[in-house]
Amino acid sequence: MESTVEIAKNLGLTADEFEKITEILGRAPNFTELSVYSVMWSEHCSYKNSILQLKTLPRSGKRLLVEAGEENAGLVDIGDGLGCAFKIESHNHPSAIEPYQGAATGVGGIHRDIFTMGARPIAALNSLRFGEPKTPHMKRLIAGVVKGIGDYGNCFGVPTVGGEVYFMPCYNHDILVNAMSAGIVKAGETVSATAGGPGNPVFIVGSATGKDGIHGATFASADLSEDSHEDLPAVQVGDPFQEKLLLEASLEAIQTDAIVGMQDMGAAGITCSTSEMSAKAGCGMRIDLDRVPTRQANMKDWEILLSESQERMLIVCKPGRESEIRAVFDKWDLPCEHIGETTEGGRLEYYYHGELVADVPAETLVLGGGAPVYVREQQEPEYLAEIRKFDIGQVALPSDYISAARKLWNSPNLASKNWITQQYDSMVRTGTVTTNRPSDAAVVYVKGTKKALALTTDCNSAYVYADPYKGGMIAVAEAARNIVCAGGEPVAITNCLNFGNPYNPEVYYQFAQAIRGMGEACRKFETPVTGGNVSFYNQYAHQGKVVPVYPTPTIGMLGLLDDYERIMTLDFKSEGDSIILIGTSRDDLGSSEYLRTVLQLEHSNCPYFDLEEEYFIQQVVQKAIRKQMIRSAHDVSDGGIFAALVESAMPRELGFQVRSNTGIRRDAWLFGEAQSRIIVSVGAEQLEAFKRFLEAENAPFEVLGTVTGRKMNIDGEDWGNVSDWKRTYETVLENVMQN
């Protein structure tokens with residue numbers, strides 16, 4: 001059936017793109033071919049509106065084993081003949097429509113990206129954004145997402161070791177679910193996502209193909225609306241037990257040395273894996289779709305091509321060694337079907353019951369090939385003018401600081417996420433160092449060595465909303481700060497860029513400026529970008545009004561500890577220890593949780609940040625940790641100094657006695673979120689030596705006070721027992737979800 005412009009538009013393509021496809025093929029495409037282009041040229045697969053911006057990010061470094069975009073995930077040399085593969089990706093739209101399966105398959109998909117490269121996943125993290133948690137709708141979404149992440153990860157057997165959760169009104173209709181995985185691989189055992197050359201057998205392995213997830217990539221490249229529930233078939237269905245078998249079988253198959261290349265079937269399914277593997281090798285493929293194992297009878301050719309059924313891989317093997325591949329997958333009781341061969345000429349020829357149903361050049365489907373590339377119009381958002389009007393001088397000082405602090409402390413953004421994290425298994429594989437040793441980043445052993453990975457996900461989207469350029473820098477800087485406070489060295493990042501519709505000039509401005517800020521920070525910290533994904537169209541159309549989420553460029557950062565025994569934790573250790581703030585406090589309340597929660601002020605400036613100052617402070621703290629001069633380290637971020645002090649006090653229920661800096665406003669000192677500040681504790685006997693160290697480094701610092709018994713005392717005023725604040729901290733989110 002010959003296609004038309006109207007059909008193309010219904011599939012998410014433009015009239016110009018339809019014309020370009022016609023030129024490429026030298027004829028009008030049939031429906032199957034048009035479906036192939038519609039998914040591969042969707043924003044989700046082609047990055048057509050973002051690739052030129054992404055290319056400005058630093059993508060090479062001394063530890064990188066592959067550059068960004070070359071493989072399914074980033075790969076970093078961690079020494080001792082080992083590499084770490086890691087990546088973060090979004091599963092936002094599916095999770096907003098069907099939260100359990102949307103989140104579960106997001107976890108499954110990111111783990112497959114890791115073990116497709118030959119690495120065994122050892123840690124999972126996530127970054128979640130929800131709306132106000134008091135509505136029944138949002139409670140359903142939260143509960144579904146959390147259960148989906150927990151069930152899949154727990155059954156698959158990889159610990160969920162860290163992450164972040166925010167609750168803001170801008171996510172009331174379009175939540176964000178970003179999943180990250182990290183795995184370890186030995187040198188020489190990695191696998192590339194390539195088809196090799198002509199004449200290689202092509203296998204599909206893993207689960208049978210069904211109708212779930214069809215046009216999922218297109219679904220992810222459009223706005224959500226009140227009718228989006230009708231797109232429910234676009235949400236995939238996961239099976240973690242099947243994925244566990246696929247993991248073990250894939251890693252065992254790699255050991256046979258019979259594999260040329262392997263790729264996960266994620267977005268666009270067979271279409272994506274065949275086209276990307278072929279284009280990378282400069283060859284083509286002949287695929288017989290009727291050989292593909294299916295779960296449902298009478299599936300159409302385009303349904304088989306576009307299905308995003310989970311737990312599947314495409315494997316290209318060496319000629320004559322097919323039986324070795326079959327033997328491995330037979331052992332694990334997994335389907336393993338020979339569905340085609342690689343060919344010369346670079347064309348993808350899809351047959352169905354002997355009939356050629358699609359014939360397209362592989363190169364035209366992928367990045368850097370024929371896929372369209374756009375630069376959209378940018379316009380500074382109007383709300384930034386309102387933000388520039390913010391004047392801290394117009395903000396009244398609290399009449400009762402303890403009451404203000406208690407109101408702030410009841411924010412779900414500051415509260416313990418135990419209600420969520422207790423549903424995740426963080427202990428499986430027995431490699432998690434930070435399960436009972438609280439730290440600013442998750443730390444995971446690399447078994448068989450003294451090394452450990454430090455992992456974190458970070459982004460305060462309120463900062464990016466207030467200043468996309470500076471907020472993008474802060475997202476990277478905070479991730480690095482968390483790695484440093486855990487005793488690690490920042491190595492590289494992966495990112496998940498969550499924004500609204502790129503055709504909106506204000507959204508594209510946010511995107512471009514955030515990319516610019518991220519790039520500058522990555523170059524400063526020498527943390528190149530290894531990959532990730534872009535998730536546009538995170539906005540909700542309701543009664544003619546479009547509501548985009550805050551720009552949320554989530555940073556997943558990998559750090560390295562050469563000796564896991566050198567981990568630094570955030571908890572105060574002993575009464576009498578001295579508490580020191582490294583960095584400079586300022587009259588700054590911009591974009592703070594205090595302004596939003598206590599004073600209900602949405603529009604305020606981004607908090608103070610200077611990239612050179614941030615880098616300097618982190619270097620000083622790294623030196624102090626290496627010299628074993630400090631007993632704890634915790635960065636000042638959400639909730640300011642007040643929150644950082646209480647978070648350091650709670651693990652051992654040790655109190656503190658501190659005095660504020662009288663040179664600035666007391667509310668700014670307590671609750672402001674000016675960047676580049678870290679609270680450390682040192683033994684009383686080491687205080688003078690540590691002060692001399694800081695002075696020699698020309699590092700700004702304040703001696704705040706001392707660690708005490710169970711009481712919290714600020715400026716001579718009794719703020720109560722740590723245990724009372726801890727009780728509130730541990731029950732806020734649970735109470736919200738249960739009431």
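The figures here come from the full heavy-atom set of this structure, side chains too, leaving out hydrogens, waters and symmetry mates.
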Peer 1: Any heavy-atom pair between the side chains of L11 and S35 that's under 4.5 Å?
Peer 2: yes
Peer 1: Measuring only between side-chain heavy atoms, which start at C-beta, is E337 closer than 4.5 Å to R291?
Peer 2: no
Peer 1: Give a yes-or-no answer on whether the side chains of N92 and Y537 include a donor-acceptor pair shorter than 3.5 Å.
Peer 2: no
Peer 1: Verify the distance criterion only: is there a donor paired with an acceptor across the side chains of T32 and Y352 at less than 3.5 Å?
Peer 2: no
Peer 1: Answer yes or no: is there a side-chain heavy-atom contact under 4.5 Å between C272 and V39?
Peer 2: no
Peer 1: Checking side-chain polar atoms at under 3.5 Å, does N533 have a donor or acceptor matched by the opposite partner on E89?
Peer 2: no
Peer 1: How many angstroms lie between atom CG of D239 and atom OG1 of T105, to the nearest 0.5 angstrom?
Peer 2: 12.0 Å
Peer 1: Side chains of D264 and T116 only: does a donor on one sit below 3.5 Å from an acceptor on the other?
Peer 2: no
Peer 1: Hey, does the side chain of K280 reach the backbone of E70 with a donor-acceptor pair shorter than 3.5 angstrom?
Peer 2: yes
Peer 1: Parallel, tilted or perpendicular: which one describes the rings of F31 and W302, with boundaries at 30° and 60°?
Peer 2: perpendicular
Peer 1: Below 30° counts as parallel, above 60° as perpendicular, anything between as tilted: where do the rings of F156 and Y152 land?
Peer 2: tilted
Peer 1: Is the closest basic N to carboxylate O distance between E17 and K9 below 4.0 Å?
Peer 2: no
Peer 1: State, yes or no, whether a side-chain contact exists between K20 and I24 at a heavy-atom distance under 4.5 Å.
Peer 2: yes
Peer 1: Hey, is D174 close enough to R129 for a salt bridge, meaning N to O under 4.0 Å?
Peer 2: no
Peer 1: Would Y350 and T271 count as having a side-chain donor-acceptor pair, cut-off 3.5 Å?
Peer 2: no
Peer 1: Side chains of S192 and T194: any donor to acceptor distance under 3.5 Å?
Peer 2: no
Peer 1: Between N200 (side chain only) and A195 (backbone N and O only), is there a donor and an acceptor less than 3.5 Å apart?
Peer 2: yes
Peer 1: Report yes or no: does N538 contribute a side-chain atom to a donor-acceptor pair with the main-chain N or O of S535 at less than 3.5 Å?
Peer 2: yes
Peer 1: With side chains defined as the heavy atoms from C-beta onward, is the minimum distance between E43 and S50 less than 4.5 Å?
Peer 2: yes
Peer 1: Let me have the donor-acceptor pairs involving side chains of residues 179-190, under 3.5 Å, with sequence neighbours excluded, atom names and distances please.
Peer 2:
residue: S181; atom: OG; partner: H111; partner atom: ND1; Å: 2.8
residue: E189; atom: OE1; partner: Q255; partner atom: NE2; Å: 3.2

Peer 1: Taking atom NE2 of H93 and atom NE2 of H44, what is their separation to the nearest 0.5 Å?
Peer 2: 10.0 Å
Peer 1: To check you understand the geometry: which heavy-atom pair defines the closest contact between L247 and P121, and what is its length?
Peer 2: CD1-CD, 3.9 Å
Peer 1: If we ignore hydrogens and angles and just use 3.5 Å, is the side chain of K331 paired with the main-chain N or O of A249 as donor and acceptor?
Peer 2: no
Peer 1: Quickly, which of T530, L558, V491 forms a side chain to side chain contact (heavy atoms under 4.5 Å, CB included) with R63? Name it, please.
Peer 2: V491
Peer 1: Is there a donor-acceptor contact under 3.5 Å from the side chain of T209 to the main chain of I304?
Peer 2: no
Peer 1: If you compare all heavy atoms of T342 against all heavy atoms of C283, which two are closest, and at what distance to 0.1 Å?
Peer 2: CB-SG, 4.2 Å
Peer 1: Mind listing the closest non-hydrogen atom pair of P29 and L34 along with its distance?
Peer 2: CG-CD1, 3.9 Å
Peer 1: For D425, is there any backbone N or O sitting under 3.5 Å from a side-chain donor or acceptor partner on N154?
Peer 2: yes
